[in-house]
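None of the values given here were measured: they were computed from a predicted structure. Below, chain A is the first sequence line, B the second, and so on; all start at residue 1.
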There are 2 protein chains.
Amino acid sequence: MASRAKATILDIAREAGVSKSTVSLVLQGSGLIRPETAVKVRKAIEDVGYVYNRGAANLRKAHSNVIGMVINDLTNPFFAELAVGMERVFQAAGIVPFIANTAENPVRQEEVLKSLLEQGVAGLIVSPARGTTPGAFRRIETAGVPIVFTMRRLPESRIPVIAPDNHRGAFIATEHLIRKGHRRLAFFGGSSDLVVYQQRLGGFLEACETQGIPVANRTIVEGETSRKGGMACLETALAAPEPPSAALCFNDAVAFGVMLALRKRGLEAGADFAVVGFDDVAEAEHYMPALTSVAVDTAGLGERAAHVMLKMIQARTTRAEDHIGAVSLVVRESCGPSRSARGTGMGDAA
Amino acid sequence: MASRAKATILDIAREAGVSKSTVSLVLQGSGLIRPETAVKVRKAIEDVGYVYNRGAANLRKAHSNVIGMVINDLTNPFFAELAVGMERVFQAAGIVPFIANTAENPVRQEEVLKSLLEQGVAGLIVSPARGTTPGAFRRIETAGVPIVFTMRRLPESRIPVIAPDNHRGAFIATEHLIRKGHRRLAFFGGSSDLVVYQQRLGGFLEACETQGIPVANRTIVEGETSRKGGMACLETALAAPEPPSAALCFNDAVAFGVMLALRKRGLEAGADFAVVGFDDVAEAEHYMPALTSVAVDTAGLGERAAHVMLKMIQARTTRAEDHIGAVSLVVRESCGPSRSARGTGMGDAA
DNA sequence: TTGATTTATTGGAACGTTCCATCTATAGGC
DNA sequence: GCCTATAGATGGAACGTTCCAATAAATCAA
């Protein structure tokens with residue numbers, strides 16, 4: 001129970017027989033203090049069970065050391081990986097990021113942002129929720145708090161974005177499927193209100209165009225970006241008179257759902273239907289069959305976002321450049337056996 | 001860019017032609033204010049782009065509305081599910097929980113807790129990192145901040161714990177395996193420095209005892225609580241002269257690893273070797289084969305923890321009762337086909 | 001010795017809020 | 001007309017820190 005009233009630097013000052021200013025200096029690790037004095041003060045701090053009141057300090061300092069990470073879906077392992085990447089960087093910089101989840105709900109997002117702002121965050125890293133209104137970040141911008149978007153961008157905003165090269169990722173994945181001999185292709189999952197969706201779908205379509213897949217042979221099924229959504233997509237697609245033989249999925253969760261639905265129908269991913277995912281979450285490698293996916297270097301993107309944020313805070317600016325991360329296709333089993341036997345001379349490695 | 005200096009209630013007061021006290025009252029939704037005045041003030045707030053400074057407010061009020069959730073491994077979907085359960089409750093109560101990840105690192109945990117405390121949290125929900133020293137929470141307790149542990153408990157601490165009935169879960173899972181006819185059993189993953197481990201292992205051993213499985217037929221392999229750890233456990237166990245035919249795993253991640261290792265050896269979980277997990281994460285149902293697991297009602301535990309925390313804050317106490325959640329075995333494919341044909345008269349449903 | 005410089009320490013005025021005690025109208029009762 | 005209520009609004013003193021300017025003590029240059 002200790003003392004009821006919380007100890008302040010004045011209590012410590014009294015205990016150590018110095019002034020509050022001295023205590024404050026010690027707390028900030030100032031070199032101006034005589035070592036013996038510092039020791040004395042630190043002992044008093046320990047004895048008294050003092051806890052620093054950052055709120056009071058921020059009142060004067062006007063720049064906190066907390067950064068908010070606002071994430072749209074914490075249960076998606078992809079975002080957990082992203083968060084871990086950011087944390088690595090922030091930890092090294094001695095600052096603690098607080099994570100808040102919006103569960104893809106713009107209203108909740110509003111609350112979360114408000115709360116973080118009131119708390120006096122130094123910066124915000126945000127993966128905006130679906131359906132975020134264009135003006136949602138106006139307030140934060142005028143408050144002068146630096147923001148970085150990750151993964152998703154808002155249609156017309158000028159807030160810097162850290163994201164993978166979605167277009168190219170979808171392009172190379174689709175190209176790969178076509179080279180495998182598939183001529184009827186599908187794009188599964190996601191919805192067109194997301195910029196990311198348009199980018200990935202764009203890459204898919206461009207590859208179809210380039211490789212001469214006629215429009216009639218392209219199936220596009222929107223759906224939830226979850227296993228359940230993926231299952232539904234496959235059902236829809238297979239119900240068509242001339243169903244596709246391969247699909248690029250909006251993300252890995254959708255791909256897992258597609259594979260699940262295939263299995264339910266007694267079909268095998270890879271042999272009977274080629275499936276490619278997007279994001280390459282850790283699980284992809286361990287799935288059965290292992291999922292071919294577009295690797296986006298998730299943790300690396302997180303680290304990059306954190307670095308950009310630190311730079312912005314340091315430079316006291318709210319502007320920064322976008323960063324588009326490189327992507328690569330990780331070929332595993334779900335897109336069919338390697339056709340190396342055909343000896344086309346084009347390795348899958350590229 | 002707007003105005004450089006942040007607006008305060010005094011700016012609003014000037015703008016609206018009232019006193020700062022009036023603005024403060026409006027901000028708190030006091031009924032003492034004439035509606036027209038409130039409207040006027042709210043308009044000024046909007047015009048000026050004011051953001052509330054909670055730090056300054058807490059300086060007077062001495063109780064914040066932020067709650068910290070300290071989680072030991074965010075990449076484990078289990079904890080994400082737990083966090084989501086808590087968030088549901090807190091959201092309804094109008095408070096925003098901040099999540100911080102310790103990545104199972106006691107040093108990081110120390111930093112995170114310190115930061116949260118300095119921020120003036122009203123309460124802390126913690127799943128302590130492995131290797132947490134007994135005194136790690138002393139400071140927080142003396143500060144009078146309510147804490148609740150989830151999932152894990154510290155050896156001798158008197159901090160309330162919300163956790164599933166680990167012993168019983170392991171017991172019923174083991175009993176199930178024995179009833180299926182297995183006589184050589186293993187317990188895979190985890191390490192003995194965790195109280196949870198001792199509870200789950202205890203349940204396993206008690207079931208072996210009760211059902212007459214001799215000590216020589218029990219294999220216990222400690223290991224990392226991850227897929228990789230699970231793979232290693234299986235390899236170790238199968239190298240023995242008389243290997244087990246079934247395993248209860250410390251958690252689902254370990255179980256997934258075990259199934260993966262089985263597949264690598266050309267064996268099939270369920271048919272060749274029975275696997276049971278613990279936690280019943282969402283993925284378990286969708287795995288191939290679907291994983292039999294001990295369901296702990298993860299989100300429910302999260303909700304319960306949040307409720308207990310709210311009660312503690314409200315009652316201004318730092319004491320609360322433990323809560324042990326009910327568990328149930330969800331039988332799927334990974335523990336072998338149902339032997340209903342044998343007609344033992346004992347259904348699996350119980 | 002004196003004055004200048006350096007080294008440690010310190011009081012006091014912010015910072016943006018809340019809340020208590022006051023104050024001013026206006027209304028009502030007689 | 002006076003007194004008392006009541007509703008609405010307000011000034012001022014905290015809250016726990018930082019930081020500037022000032023001080024005191026010690027060191028040094030001459």
Side-chain angles (χ1 to χ4, degrees), chain A residues 3-42 44-45 48-66 114-115 117-121 143-144, chain B residues 3-42 44-45 48-66 114-115 117-121 143-144:
Chain A
S3 54
R4 193 61 263 143
K6 318 210 166 294
T8 77
I9 53 170
L10 284 107
D11 298 314
I12 298 173
R14 199 175 316 117
E15 181 86 7
V18 298
S19 80
K20 63 177 173 34
S21 303
T22 303
V23 176
S24 175
L25 257 4
V26 171
L27 249 16
Q28 302 172 65
S30 162
L32 290 178
I33 299 294
R34 195 152 44 100
E36 302 93 276
T37 311
V39 168
K40 203 167 53 178
V41 170
R42 266 191 272 271
I45 288 177
V48 138
Y50 167 76
V51 350
Y52 183 73
N53 184 332
R54 200 169 288 276
N58 287 344
L59 212 46
R60 286 276 319 187
K61 293 205 300 187
H63 56 276
S64 72
N65 74 332
V66 356
K114 180 154 172 283
S115 190
L117 263 195
E118 291 180 354
Q119 222 59 234
V121 290
Chain B
S3 54
R4 192 63 265 142
K6 318 210 166 293
T8 77
I9 53 170
L10 282 107
D11 298 314
I12 298 173
R14 197 175 316 117
E15 181 86 7
V18 298
S19 79
K20 62 177 173 38
S21 304
T22 304
V23 177
S24 174
L25 258 2
V26 172
L27 249 16
Q28 301 170 67
S30 162
L32 290 177
I33 300 294
R34 195 152 44 101
E36 303 92 276
T37 311
V39 167
K40 203 168 51 179
V41 170
R42 266 190 272 272
I45 288 177
V48 138
Y50 166 76
V51 349
Y52 183 73
N53 184 333
R54 201 169 286 277
N58 287 345
L59 212 46
R60 287 276 317 186
K61 293 204 300 187
H63 55 275
S64 72
N65 74 333
V66 355
K114 180 151 170 283
S115 189
L117 263 195
E118 291 180 354
Q119 222 59 234
V121 291

Item to check | B/V26 side chain reached by B/R42 side chain, heavy atoms, under 4.5 Å | outcome: yes
Checklist entry - About how many Å separate CG of B/N58 and CD of A/Q119, when rounded to the nearest 0.5 Å? => result 7.0 Å
Next on the checklist: Checking B/T22 against B/S19 for the side chain to side chain donor-acceptor pair (under 3.5 Å) test, could you report, in this order, the C-alpha distance in whole Å, the side-chain angles of both residues, the deciding distance, and whether it holds?
Outcome noted: CA-CA 5 Å; B/T22 304; B/S19 79; 3.2 Å; yes
Checklist entry - In terms of side-chain geometry, is the basic nitrogen of B/E118 or B/K114 positioned less than 4.0 Å from the acidic oxygen of its partner? => result yes
Item to check | Any A/N65 side-chain heavy atom under 4.5 Å of A/R54 side chain | outcome: yes
Next on the checklist: What is the separation between atom NE2 on B/H63 and atom C1' on C/dC19, rounded to the nearest whole Å?
Outcome noted: 13 Å
Next on the checklist: Heavy atoms within less than 4.0 Å of DNA chain D: which residues of residues 14-23 of chain B have one? Give them sorted by number.
Outcome noted: B/V18, B/S19, B/K20, B/S21, B/T22
Next on the checklist: Under 4.0 Å, heavy atoms only, any strand: does B/T8 hit a base, just the sugar-phosphate, or nothing?
Outcome noted: sugar-phosphate
Item to check | Pair B/N53-A/L59, side-chain contact (heavy atoms from CB on, under 4.5 Å): steps then yes or no | outcome: CA-CA 9 Å; B/N53 184 333; A/L59 212 46; 3.8 Å; yes
Checklist entry - In residues 31-39 of chain A, which ones come under 4.0 Å of DNA chain C, going by heavy atoms? => result A/L32, A/I33, A/R34, A/T37
Item to check | Outermost DNA chain D nucleotides near chain A [under 4.0 Å, heavy atoms] | outcome: D/dG16 to D/dC19
Item to check | Gap between atoms CD1 and P, on A/I9 and C/dG12 respectively (whole Å) | outcome: 15 Å
